[in-house]
Number of protein chains: 2
Amino acid sequence: MSAVERDPEGSDEVVDESAGEAAGEPDDAAWAEVTPDAARRLLVAAVDAFAERGYHATTTRDIAGRAGMSPAALYIHYKTKEELLHRISRIGHDRALKIMRDAADSGGTAAERLDRAVRSFVGWHALRHTTARVVQYELDALGPEHRAEIIELRRGTDAAVREMISDGVRDGEFEVPDIPGTTLAVISLCIDVARWFKVGGARTPEEIGALYAGLVLRMVGAGEK
Amino acid sequence: MSAVERDPEGSDEVVDESAGEAAGEPDDAAWAEVTPDAARRLLVAAVDAFAERGYHATTTRDIAGRAGMSPAALYIHYKTKEELLHRISRIGHDRALKIMRDAADSGGTAAERLDRAVRSFVGWHALRHTTARVVQYELDALGPEHRAEIIELRRGTDAAVREMISDGVRDGEFEVPDIPGTTLAVISLCIDVARWFKVGGARTPEEIGALYAGLVLRMVGAGEK
DNA sequence: CCCGACACTGAGCAAGCGCTTAGCGTGCGG
DNA sequence: CCGCACGCTAAGCGCTTGCTCAGTGTCGGG
């Protein structure tokens with residue numbers, strides 16, 4: 001049982017998010033695209049610190065300390081603390097959007113695609129809850145132009161979900177009176193996983209993904225499976 | 001059409017939350033229990049500031065300024081900034097718990113009670129989204145003992161929802177495979193309203209409450225109405 | 001007309017913040 | 001073996017933070 005659904009006609013090069021460390025916490029491999037090494041260590045430290053205490057409560061000294069460096073080292077790789085948050089937010093949202101789009105563009109019925117979407121989107125929010133928490137809840141700490149950029153990415157996620165629901169309604173699979181409202185509720189439900197998920201909890205990310213996929217299919221009235 | 005469901009056998013003295021200002025924002029009347037007047041003005045100012053910028057990004061000077069007072073005046077009525085947050089959090093959670101319990105203890109079928117619960121709980125999170133945002137998302141800013149106290153209140157909310165769902169399953173009204181998981185998802189869905197709700201949005205708090213109540217009834221498989 | 005109680009202010013303290021700068025060690029091209 | 005570019009640190013600058021404290025104006029009782 002693989003964690004994240006492997007879609008048949010997905011992208012060419014897929015970094016399997018669930019491989020490597022099964023525990024979920026030390027998601028260093030997920031930031032492979034960040035170079036050089038010291039910059040990545042700082043970024044991972046920042047993700048942990050931001051998720052734990054929030055952006056404003058985190059000091060640059062704390063971030064540098066977690067990365068095993070002096071406070072000044074941070075400013076060799078990042079112009080400001082806000083730039084660090086932006087890099088994290090950008091990469092995280094790119095990843096979340098890709099997960100959603102891959103599911104939306106995969107084959108099968110609308111119900112199958114929505115199931116895959118919720119399953120992997122929720123799975124990511126649980127497995128990478130540290131990243132997801134920063135990405136989803138520290139948006140207001142970004143500067144205006146950076147925030148606008150991220151909001152644009154979120155619109156893409158929104159559109160993908162609305163698309164799947166609309167398709168299902170068109171094909172008679174779903175029965176939903178308020179498509180924009182239900183879209184909002186579905187995404188809202190998925191995102192909030194990042195707030196409450198704890199590593200020692202009763203459920204694995206995959207289990208939560210499966211549970212939520214079922215609940216969402218009920219929300220859209222997918223009675224006939 | 002009244003905003004918050006008026007349960008027939010509810011409590012004796014009910015402060016109608018939706019009365020007074022229809023706009024929703026200046027919820028000064030909701031804090032009538034806070035005295036003296038200056039203490040309440042400071043608390044309302046703190047709610048606005050915390051909701052807007054977050055607890056850590058808010059300065060005591062900002063709070064005092066919004067209340068039209070000097071920074072030092074804050075410390076006549078509150079020992080620390082954290083005590084202010086605690087008072088807000090305590091009152092807000094008391095209110096949220098009461099809303100949930102009133103619905104759970106009201107008469108009728110499990111579906112009717114769950115409908116009322118989600119409708120009013122969500123309605124409150126939308127109408128009082130400023131308060132709700134602080135109450136639901138600034139929990140980590142509280143000191144350990146204050147946080148523990150609030151978490152205890154949340155357990156009560158959780159229990160009320162689980163109770164209603166369990167009753168529905170017992171009576172054959174609902175069909176849910178995972179009661180604790182579904183309980184969690186329902187509360188999660190409701191709480192996240194406070195994150196995304198904006199006053200200028202397309203829907204009123206009552207409309208969102210109605211939409212969400214319908215979605216939740218689908219989640220628990222309440223097919224036979 | 002005085003007096004103390006009271007709610008509040010102006011000024012400011014110690015600590016901690018984001019960020020800068022001068023300098024140091026190390027490794028690599030010549 | 002030199003020299004310099006590079007990644008990093010120690011020290012610290014200017015500012016803001018939560019919070020304090022010596023007053024100040026006001027007001028009711030005697």
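We name chains A, B, ... by the order of the sequence lines, and we start the count at 1 in each one. Bear in mind the structure is a predicted one, so any value in this text is a computation, not a measurement.
The shortest side-chain heavy-atom distance between B/H77 and B/L43 does not fall under the 4.5 Å cut-off.
Regarding B/L84, its CG atom lies at a distance of 10 Å from the P atom of D/dC19, rounded to whole Å. Rounded to a whole Å, the CD1 atom of B/I76 is 8 Å from the P atom of C/dA7. Between the P atom of C/dC19 and the CG atom of A/D62 lies a distance of 15 Å, rounded to the nearest Å. Put simply, NZ on B/K81 is 12 Å from C1' on D/dT16, counting in whole angstrom units. Atom CG of A/D37 and atom P of D/dG7 are 12 Å apart (whole Å). As a whole-Å value, the separation of B/I63 CD1 from D/dT17 P is 11 Å. Computed from coordinates, the A/Y78 OH to C/dT20 P distance equals 16 Å when rounded to whole Å. Computed from coordinates, the B/E82 CD to D/dG18 C1' distance equals 13 Å when rounded to whole Å.
Considering only side-chain atoms of A/M69, the nucleotide from D/dT20, D/dC8, C/dC19 that sits closest is D/dC8. For B/A72, the listed nucleotide lying nearest its side chain is C/dG10; candidates were D/dT17, C/dG10, C/dC8. For A/Y75, counting side-chain heavy atoms from C-beta on, the closest listed nucleotide (C/dT20, D/dC19, C/dC8) is C/dT20. Residue A/S70 places its side chain closer to D/dT9 than to any other of D/dT9, C/dC19, D/dC19. Closest to the side chain of A/T59, out of C/dC8, D/dT9, C/dC17, is C/dC17.
As judged by a 4.0 angstrom heavy-atom cut-off over every strand, B/H77 is placed among residues touching the sugar-phosphate backbone only.
Residues A/Y137 and A/D192 bring a donor and an acceptor atom of their side chains to less than 3.5 Å of each other. Side-chain contact check for A/E149 and A/H86: at least one donor-acceptor pair (N or O, by modelled atom type) lies under 3.5 Å.
Distances shown here put every side-chain N or O of A/T60 at or beyond 4.0 Å from the OP1 or OP2 atom of C/dC19.
Applying the 3.5 Å distance criterion, the base of C/dG16 shares no donor-acceptor pair with the side chain of A/R61.
Heavy atoms only, all atoms of each residue included: B/R101 and B/A160 are closest at NH1-CB, 3.8 Å. B/L153 and B/H93 make their closest contact through CD1-CB, 3.7 Å (heavy atoms, listed as atom of the first residue, atom of the second, distance).
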